[in-house]
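Notes to accompany the following structure.
Starting from 1, each residue takes its place in the sequence as its number.
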Amino acid sequence: FALNNLLPGRPGEIARAFALGQREGLPKTAGLATVIIERVADGLTLIAVLAFISLGFELPGWGRQVEGISLGIFAVALAGLLFLLLRERLATRILDRLLHLVPARLGQRLAKMFASFILGLHSLRSPRDVLTIALLSLGAWLSEAAHYFFILTAFGRLNDFTTRALAASFTMVVVNLSISIPAAPGGVGPFEYAGVLALSAFSLARENALPAVLVAHGVQFILITALGIFFIAHAGLRLSQAVEQVEGERVADSG
């Protein structure tokens with residue numbers, strides 16, 4: 001997350017797979033599978049929170065559109081993961097047929113990567129692990145919603161407790177869905193636009209919403225980046241290691 005704040009294109013997702021592989025001795029594709037599972041779980045949790053909000057607050061037209069589009073995207077992603085997991089043999093046979101169309105060396109490498117990716121999905125076979133993933137995702141997002149709630153409280157916005165709680169949760173959902181698309185480092189721009197747009201649904205004017213959104217973004221940016229840099233240094237990780245590994249594999253493939 002710190003790297004996503006500092007560099008464009010959300011490279012932290014790939015870096016995390018490298019770091020996990022280095023720390024736990026896992027193939028990078030298995031580490032990448034855990035990142036994808038987390039992203040899908042987070043997306044579905046955000047949509048569940050949005051559905052809960054709609055019980056106590058009538059979503060604006062664009063809010064319902066966001067809910068529908070997001071639900072479609074994450075439902076398709078979840079269906080794809082479940083297909084790979086539950087119909088692993090069929091997925092492997094389909095991949096084998098496709099790999100006949102590429103050079104043998106590349107085909108062998110892709111087959112190995114696919115097997116590692118499937119291995120990373122095996123946590124979804126355990127109902128206990130799935131429940132744990134869901135509860136942890138919900139806990140993380142509720143904590144972030146509380147962050148927005150306290151920011152709105154500090155700025156004296158939306159005096160009614162229930163309305164403020166709904167606004168904080170709605171802002172959290174809209175902001176995170178907006179910055180999930182690779183953009184400027186740290187989501188600068190989309191974060192502010194989405195935050196102000198979300199709060200406008202609760203009749204907060206731009207001049208009243210923007211200061212709270214800027215502070216919320218600043219707190220998150222500073223805290224996450226500082227912690228990320230600390231843990232990167234503490235773990236002895238270097239980005240150059242990932243670059244060197246990629247280059248080494250590229251040379252091996254070309255050889």
Is there a salt bridge (Lys or Arg N to Asp or Glu O under 4.0 Å) between Arg16 and Glu38? Walk through the geometry before answering. CA-CA 12 Å; Arg16 181 149 53 124; Glu38 180 190 349; 2.5 Å; yes

Is there a salt bridge (Lys or Arg N to Asp or Glu O under 4.0 Å) between Asp96 and Arg93 once you walk through the steps? CA-CA 5 Å; Asp96 287 340; Arg93 288 199 299 269; over 6 Å; no

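Hydrophobic clustering (side-chain heavy atoms under 4.5 Å, transitive across Ile, Leu, Val, Met, Phe, Trp, Tyr) keeps Val188 apart from Leu3. Taken together through direct or relayed side-chain contacts under 4.5 Å among Ile, Leu, Val, Met, Phe, Trp and Tyr, Trp62 and Val213 form part of one hydrophobic cluster.
Under the 3.5 Å distance criterion, the side-chain polar atoms of Arg157 are left unmatched by any main-chain donor or acceptor of Ala212. In this structure, Ser137 contributes its side chain and Ala134 its backbone to no donor-acceptor pair below 3.5 Å. A donor-acceptor pair under 3.5 Å is absent between the side-chain atoms of Gln108 and the main chain of Arg105, judged by distance alone. Within the 3.5 Å criterion, the main-chain N or O of Thr153 finds no donor-acceptor partner in the side chain of Arg164.
Side-chain atoms of Glu144 and Asn176 form a donor-acceptor pair, as typed in the model, at a separation below 3.5 Å. Ser200 and Arg206 form no side-chain donor-acceptor contact under 3.5 Å, judged by distance and modelled atom types alone.
Taking the six-membered ring for Trp and the full ring otherwise, the centers of Trp141 and Phe52 sit at least 6.0 Å from each other. Taking the six-membered ring wherever Trp is involved, the centroid distance between the rings of Phe191 and Phe221 does not fall below 6.0 Å. Aromatic ring centres of Tyr148 and Phe170 lie farther apart than the 6.0 Å criterion allows.
The CD1 atom of Ile133 sits 12.5 Å away from atom CZ of Arg128, with the distance rounded to the nearest 0.5 Å.
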